[in-house]
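First the proteins, then the strands, lettered A, B, ... as listed; each starts at 1.
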There are 4 protein chains.
Amino acid sequence: MLVVMKRGATQQEIDAVTRRIEEFGIRPIPLPGAERVAIGTFGATSREAAEAVEALPGVAEVVPVSRPFKLASREVIPDDSVIAVDGVDVGGAAPLAIMAGPCAIESRQQTLATARAVRAAGATVLRGGAFKPRSSPYTFRGLGEEGLDILAEARAETGLAIVTEVLTPADVDAVARVADCVQIGARNMQNYALLDAVGEQPRPVLLKRGMSATVEELLLSAEYVLARGNRNVILCERGIRTFEKYTRNTFDVNAIPLLKRLTHLPVVADPSHGTGKWYLVAPIALAAVAAGADGLLVEVHPSPDHALSDGFQSLTFDNFAALVAQVGAVASAVGRRHALARA
Amino acid sequence: MLVVMKRGATQQEIDAVTRRIEEFGIRPIPLPGAERVAIGTFGATSREAAEAVEALPGVAEVVPVSRPFKLASREVIPDDSVIAVDGVDVGGAAPLAIMAGPCAIESRQQTLATARAVRAAGATVLRGGAFKPRSSPYTFRGLGEEGLDILAEARAETGLAIVTEVLTPADVDAVARVADCVQIGARNMQNYALLDAVGEQPRPVLLKRGMSATVEELLLSAEYVLARGNRNVILCERGIRTFEKYTRNTFDVNAIPLLKRLTHLPVVADPSHGTGKWYLVAPIALAAVAAGADGLLVEVHPSPDHALSDGFQSLTFDNFAALVAQVGAVASAVGRRHALARA
Amino acid sequence: MLVVMKRGATQQEIDAVTRRIEEFGIRPIPLPGAERVAIGTFGATSREAAEAVEALPGVAEVVPVSRPFKLASREVIPDDSVIAVDGVDVGGAAPLAIMAGPCAIESRQQTLATARAVRAAGATVLRGGAFKPRSSPYTFRGLGEEGLDILAEARAETGLAIVTEVLTPADVDAVARVADCVQIGARNMQNYALLDAVGEQPRPVLLKRGMSATVEELLLSAEYVLARGNRNVILCERGIRTFEKYTRNTFDVNAIPLLKRLTHLPVVADPSHGTGKWYLVAPIALAAVAAGADGLLVEVHPSPDHALSDGFQSLTFDNFAALVAQVGAVASAVGRRHALARA
Amino acid sequence: MLVVMKRGATQQEIDAVTRRIEEFGIRPIPLPGAERVAIGTFGATSREAAEAVEALPGVAEVVPVSRPFKLASREVIPDDSVIAVDGVDVGGAAPLAIMAGPCAIESRQQTLATARAVRAAGATVLRGGAFKPRSSPYTFRGLGEEGLDILAEARAETGLAIVTEVLTPADVDAVARVADCVQIGARNMQNYALLDAVGEQPRPVLLKRGMSATVEELLLSAEYVLARGNRNVILCERGIRTFEKYTRNTFDVNAIPLLKRLTHLPVVADPSHGTGKWYLVAPIALAAVAAGADGLLVEVHPSPDHALSDGFQSLTFDNFAALVAQVGAVASAVGRRHALARA
């Protein structure tokens, strides 16, 4: 870490800081500058040491040097992780993973029809929520266990792998019995009890970025799962909250190449939540692929204007099929194998 | 709701929208304008109806008219709710509630010393975390049940009421056995399983605003608790995330009078997280009181530079005592009875 | 507009609102709902009317229906505008426009070398600042008129068209004598005297989005230029300010297809400012093209680590040439003719 | 500065960085850590050096140590600056400065009536815009020179000092002939030609924070004015742009004590723009005073619902008088002399 002293810091204050650093077993190196003194350190430091020093008199700020994530870091594990979701590889040199399906599992018929349609168009993973987080207690919160049964049936019929969200530790076992990949939603990115719970079961985890989480915080949440022993984490960029009023969220396309640089974990993109408008989904999906995404997570509904949730951001079957075709062309243009229907 | 059609919308598109609205049992009223047609409605609508219509061809946007929160709304319950936390009233004409204590319960000695000091200075509620949410899995996550025992002892000795955080539904019973008020932290504001769980137990709930939650989303999360039957919710403004780099969060002082206008629930302020810098805590605490806050939640530590968590934003005992004295003067200036030590 | 009354609004308040609306020559339509009354209007309204009504007792909010921009609107002018920058067409079905060059004009040698290199790689427009806006008064603010002379020489030698920034109305004539396209920077997006001034001269205008401007505000600033009679405005997305700390700005890729939907004006992307990191420029440039951008504006420098400004976000000649090749492939994949060197 | 190398940086890369630092005449100090090497420096550095180093291979990031503002810094000038606006002192131990008036100068009658009313209530400075920045070119842009004449007449009659906005360098002389204090609006905070121009004339300058400017950027813009020789700058917090939809802006109350710590310049608050809702103006004004503001800038209009601009955030005469009375009580509570009518 680097400790920056205030311009008028006294020698006593500087000495107190160096002593406090030494109490943590770290060697301080004073660095007098033109305007003020800074103090560098040799060797490993800790967040506790940084916070302790930051509160001392005469200290202007403390700058950390080490990245706070370890198991998620590409500096620690340089090679791309490739994560198998029931046989569908995600990440590295694997073909682009296309995950698609309805926002919420509403009925057997809606789910099976969608599963068939997205499989025919080239998807290999079916997405759909049995447990739905909704900002109002008065809206549809999902079919629950009945929804899980419908997903299991869809898998049996179509062969698609299943990704579905879990909202609370008590449901992890039930969800993991059906899901090939367990999703942590944006609102739960920092629900640490839930991260611990999915870290202790064997299914891969799709971790969505919180709506105002930094890239570093996303990686720290992944670190929770990795630290519990589950090394199969797929990150998902799904848009952040900004001041813009025409869109529901602002898709942070920068995050895709930035994450690919900082971590070895695969990164997929959710252009449906990332925009909140069905007519923006296709161009943003293409943009995400061009920027290096390892996969897409897209909301598709047989009749978007009759959906119980997120209809305004869901694609019709036809629009989804058209998107997959375009995605293949862009994937080829950036040197990635494109989506193929599962054998 | 108001449905705004695109400028070039056809009569067929307009007719389809009015038919779809009628399917929801709502009466549509076309409103031709200079540039385009809008369609208003008579009677109650629903979010489902709004979303269904938004996806139809020719629709530019759908504007909701009803507020989505009900039990939290001052339009529904005009009079201030006054919530008793083990005999300490919060809200309405009650004196300003001063809640103070360490970020984390670190030891018996640290906690009891802090409890005595904040009581002597005028606090009536002791805050302190036994279960701590931390962005990194490698930092101190609290003493857990042992911390709850220490809090119980501090209450027995000082008579202070206790507010402490719960992180997951499985811990609600244990926390509620000790806590006089159960805290939901910012990261869990939209952890709906947890909101349901605290809504089904009898202790008052202190609900912190999420770091990028809108005021409306905060009220909808309160609505979750209220809808489960627990009508004792205290809202807490604790700063939002912005682009500013000098402070940890931006305390949203506007939210205080805005919430007091929109809801009958009490509103308290957390200037410690709202700034992240101990030297900003006192002026922001005074500002919150001047803006109409019903109470304060302040981090205090016997030795902030040795704290295991948030030392850089904690006040010393002396600084806290000085703050309480100033707070009393500002409270009087705005016509509120000020903090008094508990008899 | 739609006027939403408070839940408990009295009949007198409702009547006062309808009378006030009538004073503006607008016909009000009361719309009683389940919870409250709303008031729609027939015919054209105005911002003045909306603001006047918003201040009346009993009014909860006023929702505008008409878009506030006209000449920039695709609803008014449905066909893509194609804007000629000294013979280089931008927008519509024109090939992707590649604009590249140094952040600042530092010397004759640096500028000519860069001009030759970007032309060889496929650029058709040279960008470079003679007048530089810098947040500190103590950093390099550009060569001024001498920089303009260097740009003129670069054009004479390479045939590249020139785009360069103007900072203040007094410099518009001098800049427009040399520039084939006059740039308004992000900090000046709402400098209305400057928008008026460039609206009254004949050169095309490249208008950059302000760092926290909404898409609507960008279009309103374009409207200033259009309303003065200059119909040749090219919009530029260059990243917005968010809470993210790893990147300088967050490139708002959503804005590209959203703008293409809302306006007939061409939209180009600046991935250099949109990321602030040279290693993110290429993936974000490709993303912008995949999302439908009509062109790119890229910082290129012969020796980025010796640049006087923005070296950390500039590409080397080699990296730029590699980018242009990739851009062509992505452009083809989304059905756009790709960049060609100028004959 | 501190240069942080990547984890796997080679010795050659480290050597290249130390050599590059030496080329700028700065002495580098390598600091090997547990994970990676950092390089500190002795002596003065520059932004150019930092940017040059940031682009070198193997560099992870560069952290500046010196603050980039000098003349505005309290580290350079420790004592509060007190700035006289035609005899009204602002800052330091001076009484709270109350500046009030209409958003826009609409007519002689409206302006004189408001001037008399705000003077009677305790204001000492009259605010009002003759030149108005408006986001749409189709709304009222102010009376211009005629408005300046009206302001001059209001001063002659009431003795109030005048603060009014200037939008472009060409108008600085005309505005400064009438204004006792020249205002730079939020949209022009980084209009450097305008900052230079007001820095070269003798009137005090009221500099408003840009709507997404950091506190450091505000101080750098002040530095522009100070560096041109005008040492009389008053800073104004007026709200920042966030995701919140109920308010027009989010008043950043943290900025007040933070600025008071970082700079010797006076800081005033604009609760009218800081909220955008008349019913939030009074509580936020009181909050700003409690947080340490040196003055207030408040919009007042004889008939807010007939105002040509910003009526929804203007106070009536009665509400303003009530606010001034409350402000005095809060000012006393925090140990500041309160507003007094000018003798």
Side-chain angles (χ1 to χ4, degrees), chain A residues 67 209-219 237 239-262 269 271 274-277 279-293 325-335 338, chain C residues 67 209-219 237 239-262 269 271 274-277 279-293 325-335 338:
Chain A
R67 300 239 188 272
R209 180 180 180 184
M211 77 171 73
S212 72
T214 62
V215 161
E216 185 168 296
E217 287 170 337
L218 172 59
L219 289 169
E237 162 61 30
I240 58 172
R241 180 161 276 182
T242 69
F243 51 80
E244 178 56 46
K245 295 179 182 182
Y246 275 118
T247 50
R248 184 174 174 187
N249 290 298
T250 297
F251 185 79
D252 179 4
V253 71
N254 286 4
I256 293 172
L258 181 59
L259 283 167
K260 298 294 290 180
R261 186 178 172 94
L262 293 172
T275 60
K277 302 285 181 188
Y279 52 81
L280 298 178
V281 169
I284 299 312
L286 299 176
V289 172
Q326 275 193 293
V327 156
V330 171
S332 298
V334 295
H338 63 281
Chain C
R67 301 241 187 270
R209 180 178 178 186
M211 76 171 74
S212 71
T214 61
V215 160
E216 184 167 296
E217 287 170 337
L218 172 59
L219 289 168
E237 162 60 31
I240 58 172
R241 179 161 275 183
T242 69
F243 50 80
E244 178 56 47
K245 294 181 183 183
Y246 275 117
T247 51
R248 185 174 176 187
N249 291 298
T250 297
F251 185 79
D252 180 4
V253 69
N254 286 4
I256 293 173
L258 181 60
L259 282 167
K260 298 295 291 180
R261 187 178 172 95
L262 292 171
T275 61
K277 303 284 181 189
Y279 52 80
L280 298 178
V281 169
I284 301 311
L286 299 176
V289 172
Q326 276 193 292
V327 156
V330 172
S332 298
V334 295
H338 63 281

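- At a 4.5 Å heavy-atom cutoff, the contact between Ile284(C) and chain A is made by side-chain atoms alone.
- Contact detail for Phe243(A) and Met211(C): the closest heavy-atom pair is CZ-O, 4.3 Å.
- Only the backbone of Arg241(C) comes within less than 4.5 Å of a heavy atom in chain A; its side chain stays farther off.
- With a 4.5 Å cut-off on non-hydrogen atoms, Glu216(C) touches chain A through its backbone and its side chain both.
- In this structure, the portions of Thr250(C) lying under 4.5 Å from any heavy atom of chain A include both its backbone and its side chain.
- Taking CG of Leu258(C) as the start and NZ of Lys277(A) as the end, the distance is 9.0 Å to the nearest 0.5 Å.
- Residue contact with chain A, scored on non-hydrogen atoms closer than 4.5 Å, involves the backbone of Ala213(C) exclusively.
- Note on Val330(A), Asn249(A), Val253(A): by heavy-atom pairs under 4.5 Å with chain C, the leading option is Val253(A).
- Ranked by heavy-atom pairs under 4.5 Å with chain C, the first of Asn254(A), Thr247(A), Ile240(A), Leu286(A) is Asn254(A).
- Shown here for Ala287(A) and Ala291(C), the closest heavy-atom pair between the two residues is CB-CB, 4.0 Å.
- Using a 4.5 Å cut-off between heavy atoms, Ile256(C) makes no contact with chain A at all.
- Counting only heavy atoms from C-beta outward, the side chains of Thr214(A) and Tyr246(C) never approach each other to under 4.5 Å.
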